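Here is the structure we will look at, set down as structure tokens.
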Number of protein chains: 2
Amino acid sequence: MAQDGYEHPAIGDVTLPEVLHALSDPLRLHIVATLRAGGPRGWGAFDAQVAASTLSHHMKVLRMAGLVCNRRDGTRCLVSLRPEIETRFPGLLATVVALHQGPGTSQGAAAMPKA
Amino acid sequence: MAQDGYEHPAIGDVTLPEVLHALSDPLRLHIVATLRAGGPRGWGAFDAQVAASTLSHHMKVLRMAGLVCNRRDGTRCLVSLRPEIETRFPGLLATVVALHQGPGTSQGAAAMPKA
DNA sequence: TACTATATTCGTCGAATATCGAACATCAAC
DNA sequence: GTTGATGTTCGATATTCGACGAATATAGTA
């Protein structure tokens with residue numbers, strides 16, 4: 001965990017292209033979708049088939065895009081979605097995650113493919 | 001215009017990360033937003049401050065992501081949004097474009113920031 | 001045919017990204 | 001203090017991205 005605190009950008013500084021880019025990676029999209037489906041969790045919760053350092057890198061991308069926040073929990077580090085992202089870009093996460101999961105796994109998102 | 005026809009992927013082959021990546025560039029986002037606000041148009045309609053070859057490159061990215069289609073019109077090449085993208089990823093474009101344009105320029109999209 | 005307008009393709013460049021392994025930092029437990 | 005668990009940072013490498021200029025292709029016009 002390196003330093004004491006994590007660097008989180010002010011939600012107002014986050015740009016839309018930045019967020020879209022963060023979501024344009026399959027693994028990061030999977031992480032965000034997983035977080036939406038449940039609460040905060042440690043790194044191990046995402047059965048990512050990549051090295052720990054790679055996963056750490058993707059987490060930083062998500063964090064710097066204002067999508068997630070990290071919190072220390074003993075020796076682990078819990079991740080969770082940043083609620084403010086909904087205020088900053090209303091409906092975006094709901095739409096993207098719903099489309100990612102497909103029609104069968106919808107969770108009350110903004111758009112609902114019927115075919 | 002190179003060859004007679006343009007290469008357009010089948011809409012079913014387009015993936016969500018691919019589309020999000022195509023939208024994660026400011027210029028491409030601007031192009032898509034402009035196209036949504038009006039009909040088909042030539043390259044010159046987007047007052048892009050980049051070289052023609054660069055613009056052509058971005059057009060190809062958008063085309064390969066299934067977002068736009070190109071059509072020959074004499075010596076020009078008209079671009080327009082692919083309607084099928086709405087079937088493939090319902091609500092995505094509306095949400096993203098609305099968020100890109102901001103609260104003041106809303107055009108009946110999915111989400112409407114009020115602050 | 002030659003010339004112009006418009007867009008594409010090619011080759012190249014520098015910057016950013018993705019990935020890994022190794023070393024390091026932090027906390028909890030022994 | 002040592003050890004183990006959990007992430008982070010660093011260095012190296014390979015790939016992708018965005019940009020440009022130059023050369024090319026096509027349609028229309030002189």
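Note that the structure is predicted; figures quoted are calculated from it, not measured. Order of the sequence lines fixes the chain letters, A, B, ..., with proteins taken first and strands second; residue numbering starts at 1 for each chain.
Taking 4.0 angstrom as the limit, B/R72 places none of its side-chain polar atoms (N or O) nearer than this to OP1 or OP2 of C/dT6. Distances shown here put every side-chain N or O of A/Y6 at or beyond 4.0 Å from the OP1 or OP2 atom of D/dG7. Distances shown here put every side-chain N or O of B/W43 at or beyond 4.0 Å from the OP1 or OP2 atom of C/dA5. Contact annotation: A/T54 side-chain N/O to C/dT19 OP1/OP2 distance is not under 4.0 Å. For C/dT26, neither phosphate oxygen OP1 nor OP2 lies less than 4.0 angstrom from any side-chain nitrogen or oxygen of A/R76. Proximity of B/H58 to the phosphate of D/dA19: a side-chain N or O atom is located under 4.0 Å from OP1 or OP2. Here B/H57 does not reach the OP1 or OP2 of C/dA7: none of its side-chain N or O atoms lies under 4.0 Å away. The side chain of A/T75 places no N or O atom within less than 4.0 Å of a non-bridging phosphate oxygen (OP1 or OP2) of C/dC27.
We find that NZ of A/K60 is positioned 14 Å from P of C/dA16, with the value rounded to whole Å. As rounded to whole Å, 10 Å separates atom C1' of C/dA7 from atom CG of B/N70. Residue B/L55 contributes atom CG, which lies 13 Å from atom P of C/dT6 at whole-angstrom precision. Rounding to whole angstrom units, CG of residue B/L27 and P of D/dC17 are separated by 16 Å. Atom CG in B/D73 sits about 10 Å away from atom P in C/dA7, given to the nearest Å. We find that NE2 of B/H21 is positioned 10 Å from C1' of C/dT17, with the value rounded to whole Å. The interatomic distance linking B/H30 (NE2) with D/dG18 (P) rounds to 16 Å, in whole Å. Computed from coordinates, the A/L62 CG to C/dT17 P distance equals 13 Å when rounded to whole Å.
Nearest to the side chain of B/C77, among C/dA7, D/dC17, D/dC20, sits C/dA7. Comparing D/dG18, C/dA18, D/dG21 by their closest approach to the side chain of B/D25 singles out D/dG18.
Proximity of a side-chain donor or acceptor of B/R36 to a complementary backbone N or O of B/V97 within less than 3.5 Å is not detected. Side-chain atoms of A/S56 do not come within 3.5 Å of backbone N or O of A/A52 as any donor-acceptor pair.
Nucleic acid contact class of A/V50 (heavy atoms, under 4.0 Å, all strands): sugar-phosphate only.
Within 3.5 Å, a donor on the side chain of B/S53 pairs with an acceptor on the base of D/dG21, or the reverse.
Taking all atoms of both residues into account, the shortest heavy-atom contact from A/I31 to A/M59 is CD1-CE, 3.8 Å.
Using a 4.5 Å cut-off on side-chain heavy atoms (C-beta onward), A/H8 and A/N70 make contact.
Between A/H21 and B/H21, the ring-plane angle classifies as tilted under the 30° and 60° cut-offs.
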